[in-house]
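Everything on this sheet refers to the single structure shown next.
Lettering follows sequence order; numbering is per chain, from 1.
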2 protein chains.
Amino acid sequence: MIQELKNSYGTLFEEELLQEIIASATYKEVPEGFKLIEIGDYVKSMPLLVSGAIKILREDTDGDELLLYYLEKGETCTMTMACCMGQKKSEIRAIAETDTKLIMIPIEKMEVWTAKYKSWRDFVFESYHNRINELLLTVDSVAFLNMDERLLNYLKEKVRVTNTSILKNTHQEIAYDLHSSRVVISRLLKKLEKLGSIELHRNYIKILDLNKV
Amino acid sequence: MIQELKNSYGTLFEEELLQEIIASATYKEVPEGFKLIEIGDYVKSMPLLVSGAIKILREDTDGDELLLYYLEKGETCTMTMACCMGQKKSEIRAIAETDTKLIMIPIEKMEVWTAKYKSWRDFVFESYHNRINELLLTVDSVAFLNMDERLLNYLKEKVRVTNTSILKNTHQEIAYDLHSSRVVISRLLKKLEKLGSIELHRNYIKILDLNKV
DNA sequence: CTAATTATGCAACCTATGTTACATAACTAT
DNA sequence: ATAGTTATGTAACATAGGTTGCATAATTAG
């Protein structure tokens, strides 16, 4: 864990804070698909991402989902942080998009470190700032873009986050993330295939060139 | 200003912090419609709302707008805060929805007070938390609701924020806020009128009962 | 008072996206 | 190999909401 921590956060935090993290945090590895947080959960520790990616989802009253954004190495779940501090229930669901390594910080430390370490304050504010910007991009996407553009962005983002050009997803799963229907996604994917941007297969999509469009 | 400050923030901040605010902040009154922040602005001070309401808007590349949420008494523009701290450009536009009274804090104080006062830290975190939740509601609205439901929520929220049942808006203005078209909004408003929920007039809408639907 | 401007009403139409239904292909388990 | 299950393809259709065009009412300017 020590090596992992220094790798991802070594330049961000001062030595003394790193020591405190090592002393109080726990290390955790979760496999792809692992559900880290469910809507309504009370969260008792705050995750720092060391490697992998986590997708953050929103759900409406009918159980319809929407992908909000991904968390990556060096980031933290700001919403969880907010929940921890306020002792509120989680507003979102968090699922490991890939195999993921995490450092879990007990919430008691939050308040203490915020008072004590400038680097921690900066990190926390930076996290909030990033998260708000991600949410703004989500709003932009849903409010201003058509489904074909959203799908394209979704594929690009997924390639980036998973760092592979073979996306192991069914059309149905993509439809859930984009809050659309399977038929619509199949239709749009077929269009992209005809343009030569992707190749469709059962259970996976091979990305050729998403900048053709 | 002192009275205004104690009125809105007296229970929130300790006496010493209140004194520091009084010493370094400036007081500002702006009329309805006043543009406080434009997208791309560098922001040099952080507003604390004393009375009135501010609407926060997002814009896409084509100049299309979307209302994100309102700021009210006792709240602060978290995005501005984020901008200040990171020396970044504003991602949003802020316009006074009603006549509004503000206390402007110079950004240099932010870092200092965050280290020094727990009540300030709590306030800042609480603000971030609230703003993220507002943004989530915006995402919900845009992603999961139809235009008729969004319009209804818009009217309800506007009644609440402006504290009057006479909404002085043209259909075009509402259309801008909801990122829709004038014709669509007129159509849906007419439906609400036929249900007896509202009364349509030139330049204003009289709200009768929005819970009929 | 008249002309110009602005807000609203409304019909006709278009399109993106969602829905239903069914066929077929590709896997999985027995 | 066979049957069942899951993923994909595709057509036909439904609908919310966006667009165009124009009429009319209300307001303002000259």
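- Out of dT10(D), dG18(C), dA7(D), the shortest distance to the side chain of Asn203(A) is found at dA7(D).
- Among the atoms of the strands shown, only primed sugar atoms or phosphate atoms (P, OP1, OP2) are found under 4.0 Å from some heavy atom of Thr170(A).
- Here Lys190(B) contributes atom NZ and Leu200(B) contributes atom CG; the two are 5.0 Å apart, rounded to the nearest 0.5 Å.
- Taken to the nearest 0.5 Å, the NZ atom of Lys109(A) stands 12.0 Å off from the OG1 atom of Thr114(A).
- Arg187(B) contributes a side-chain N or O that forms a donor-acceptor pair with the base of dG18(D) under 3.5 Å.
- Picking from dG9(D), dG9(C), dT10(D) the nucleotide with the shortest atom distance to the side chain of His171(A) gives dG9(D).
- Separating the CD1 atom of Ile205(A) from the C1' atom of dG9(D) is a distance of 14 Å, rounded to the nearest angstrom.
- For the pair Lys190(A) NZ and dT24(C) C1', the computed distance is 13 Å after rounding to whole Å.
- A straight line from CG of Leu192(B) to P of dT8(C) spans 15 Å, rounded to a whole angstrom.
- In this entry the distance linking CD of Gln172(A) with P of dA26(C) reads 20 Å, nearest Å.
- Contact between the side-chain N/O atoms of Ser180(B) and the OP1/OP2 oxygens of dG18(D) is found at a separation under 4.0 Å.
- Between Arg182(B) and His179(A), it is Arg182(B) whose nearest contact on DNA chain C lies nearer the 5' terminus.
- Side chain Arg202(A) to base dT6(D): a donor-acceptor pair is found below 3.5 Å.
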Chi angles and distances behind the side-chain hydrogen bond (donor to acceptor under 3.5 Å, both in side chains) call for Arg182(A), Ser186(A)
CA-CA 6 Å; Arg182(A) 199 272 306 168; Ser186(A) 291; 3.1 Å; yes
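- If you measure from atom CG of Leu167(A) to atom C1' of dA7(D), you get 16 Å, rounded to the nearest angstrom.
- Atoms CD1 (Ile185(A)) and C1' (dA16(C)) sit 13 Å apart, rounded to a whole Å.
- The side chain of Val184(B) has dT19(D) as its nearest neighbour among dT19(D), dG9(D), dT19(C).
- With dT10(D), dG9(C), dA16(D) as the candidates, the nucleotide lying closest to the side chain of Asn146(B) is dA16(D).
- A donor-acceptor pair under 3.5 Å is absent between the side-chain atoms of Asn146(A) and the main chain of Glu149(A), judged by distance alone.
- Leu151(B) places its CG atom 15 Å from the P atom of dA16(D), with the value rounded to the nearest Å.
- The environment of NZ in Lys156(B) is crowded: more than 12 heavy-atom neighbours from other residues, nucleotides or ligands sit within 6.0 Å.
- Among the atoms of the strands shown, only primed sugar atoms or phosphate atoms (P, OP1, OP2) are found under 4.0 Å from some heavy atom of Leu200(B).
- Nucleotide dT10(D) holds its P atom 14 Å from the NZ atom of Lys191(A), rounded to whole Å.
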